[in-house]
Protein chains: 2
Amino acid sequence: MGLSHPHPDELQMATVLHALSDPQRLRIVRILAGDPAPRRCGSFDLDITKSTLTHHFRILREAGLIDQREEGTARLNSLRRGDLDRRFPGLLDAVLAGAPGPVAASV
Amino acid sequence: MGLSHPHPDELQMATVLHALSDPQRLRIVRILAGDPAPRRCGSFDLDITKSTLTHHFRILREAGLIDQREEGTARLNSLRRGDLDRRFPGLLDAVLAGAPGPVAASV
DNA sequence: TCGATAGTACGACGAGCATCGTACCACAAA
DNA sequence: TTTGTGGTACGATGCTCGTCGTACTATCGA
């Protein structure tokens, strides 16, 4: 069975914001936004174990932020940009534009 | 001593998103955004106790979302719209524009 | 068939959170 | 001075979260 993804109309602002409020997940979303090509879960360089990765990807998927498609033994992740932009216009852009750290990001 | 507020340059995206990811706090922010006049903590009609309210206001203040100014026995809250907009352009607008619930918000 | 690779499932642990109740403080009005 | 009001402080409780390790499944390639 295909992983359950929330319908675009069911996305909750609070849930989306919560999914984005973790630094690791924020990083994942940034990476996905930086390159439109779907990515394998393992292709994100995040100093955490595989099980923790799986956990974060599930949170992102269940919040409606990413789409996970099974492809052989891998799982391809992509941002649900269209759905997000339709439901919460400007939100993703604002989050992605936000400086990753303290204002020193301009270094 | 005056309540400690984070400097505009120190606002963290993840912290701000976390502060906004609670339904009660989201409601508080919406109310503050709907009326520019500073509001007393007690003037929000949120079915929670006083101590819980205090807790939420502290989270919002420490994340840099609101400004709390002491005025006699009361505490006046206002949105730090300018600081937020400068640091994370478009974020607040996108969050406030977001439907409060499932898409039925268009009722 | 054997081994490597990609990822999940489950259980555990420590930390933090949302909530409450009670006690308390500061100020204002009677 | 007494009473009421607006809010904090502190402790408790139950839940969720982020993280890990180990065990497992499924697929692909040699």
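Computation of the quantities below employed the complete heavy-atom set of this structure, encompassing side-chain atoms and omitting hydrogens, waters and symmetry-equivalent molecules. Chain identifiers are assigned alphabetically (A, B, ...) following the order of the sequence lines, protein sequences preceding nucleic acid strands; residue numbering begins at 1 within each chain.
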Trainee: Hey, does the side chain of A:Arg75 come within less than 4.0 Å of C:dT8's phosphate (OP1/OP2), counting only N and O?
Mentor: yes
Trainee: Should the side chain of A:Thr73 and the base of C:dG7 be counted as holding a donor-acceptor pair, with the cut-off at 3.5 Å?
Mentor: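 Result: no qualifying N/O pair found.
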Trainee: Take A:His18 and A:Asp47, find for each the nucleotide of DNA chain D with the closest heavy atom, and name the residue whose nucleotide sits nearer the 5' end.
Mentor: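 Taking each residue's closest nucleotide, the earlier one in sequence belongs to A:His18.
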Trainee: For a quick test of reading the model: is some side-chain N or O of B:Gln24 closer than 4.0 Å to OP1 or OP2 of C:dT19?
Mentor: yes
Trainee: Is B:Thr54 near enough to D:dT8 that one of its side-chain N or O atoms lies under 4.0 angstrom from OP1 or OP2?
Mentor: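 So the side-chain polar atoms of B:Thr54 do come within 4.0 Å of the phosphate oxygens OP1 or OP2 of D:dT8, strictly under.
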Trainee: Does D:dC17 have OP1 or OP2 under 4.0 Å away from a side-chain N or O of A:His56?
Mentor: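 So the side-chain polar atoms of A:His56 never come under 4.0 Å of the phosphate oxygens OP1 or OP2 of D:dC17.
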Trainee: Quick check for you: among C:dA9, D:dT8, D:dG18, whose closest atom lies nearest to any side-chain atom of A:Asp22?
Mentor: D:dG18
Trainee: With side chains defined as the heavy atoms from C-beta onward, is the minimum distance between B:Val29 and B:Arg25 less than 4.5 Å?
Mentor: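 Side-chain contact under 4.5 Å: no.
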Trainee: What's the CG-C1' distance between B:Leu76 and C:dC27, to the nearest Å?
Mentor: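 Rounded to whole Å, this separation is 14 Å.
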Trainee: For C:dA18, does OP1 or OP2 lie under 4.0 Å from any side-chain N or O of B:Arg25?
Mentor: yes
Trainee: Looking at the side chain of A:Ser51, which of C:dA9, C:dC20, D:dG7 is the nearest nucleotide?
Mentor: C:dA9
Trainee: Could you please name the option among D:dG21, C:dC17, D:dG6 that lies closest to any side-chain atom of B:Lys50?
Mentor: D:dG6
Trainee: Would you check if the side chain of B:Arg27 reaches a backbone N or O of B:Leu46 as a donor-acceptor pair within less than 3.5 Å?
Mentor: no
Trainee: Is it the case that more than 12 heavy atoms not belonging to A:Asp45 sit under 6.0 Å from its CG atom?
Mentor: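 Incorrect, the count does not exceed 12.
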Trainee: When you compare the side chain of A:Arg61 with that of A:Ser4, does any pair of heavy atoms fall below 4.5 Å?
Mentor: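 A:Ser4 vs A:Arg61: side chains touch.
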Trainee: Compare the minimum distances between each of D:dA9, D:dT19, C:dG7 and the side chain of A:Arg40, then state the nucleotide with the smallest one.
Mentor: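 So the side chain of A:Arg40 is nearest to C:dG7.
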Trainee: Looking at A:Phe44, does the NZ or CZ of A:Arg39 lie under 6.0 angstrom from its six-membered ring centre and within 45 degrees of the ring axis?
Mentor: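 Because its charged atom sits under 6.0 Å from the ring centre and within 45° of the axis, A:Arg39 does stack over A:Phe44.
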Trainee: Please give, in whole Å, the distance from C:dG7 P to A:Leu53 CG?
Mentor: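 So the CG-P distance, A:Leu53 to C:dG7, works out to 9 Å.
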Trainee: A:His55 or B:Gly42: which one's nearest nucleotide on DNA chain D is closer to the 5' end?
Mentor: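 Comparing both residues, the 5'-ward one is B:Gly42.
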